[in-house]
Amino acid sequence: MHHDSARAHPEKRGLPDKPGASARSIVLTLLGVVIGSAGYYASWRFQTPIGTLGGIAGLALCVIGTSHGHDGPSQIG
């Protein structure tokens, strides 16, 4: 006896489709990682307040990028 109901397809289980991350959010997050890493390195290595500000700005970009990660349709692909 063949039971298809035991193996329901994901699209038939009523699970909502998750939207992909937008290109803007990916760019903001990656830019934040680069700026934040450089800023915190400069702050640690050279003890400069500009490096600390750069690190904080990078962290803020990461937060903005990830918080808006699923706002729009994916521009990739």
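For reference, positions follow the sequence shown, starting with 1.
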### Summary
Here the side chain to side chain donor-acceptor pair (under 3.5 Å) pairs for residues 33-49, sequence neighbours left out, are Ser43-Thr52
### Query
Can you name the side chain to side chain contact (heavy atoms under 4.5 Å, CB included) partners of Leu31, sequence neighbours left out?
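Per chain and number, Leu31 pairs via side chain to side chain contact (heavy atoms under 4.5 Å, CB included) with Ile35, Leu61.
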### Query
Counting distance only, does the side-chain N/O of Thr29 pair as donor-acceptor with the main-chain N or O of Ile26 below 3.5 Å?
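No; judged by distance alone, with no hydrogens or angles, the pair does not exist.
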### Task
Compare all side-chain heavy atoms of Val33 with those of Cys62 and state whether any distance is below 4.5 angstrom.
yes
### Task
Please report the closest heavy-atom contact between Ala42 and Gly51, naming both atoms and the distance.
CB-CA, 4.1 Å
### Message
Checking one residue: Leu59. Which other hydrophobic residues are in its cluster under the side-chain 4.5 Å linking rule?
### Response
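Noted: Leu59 shares its cluster with no other residue.
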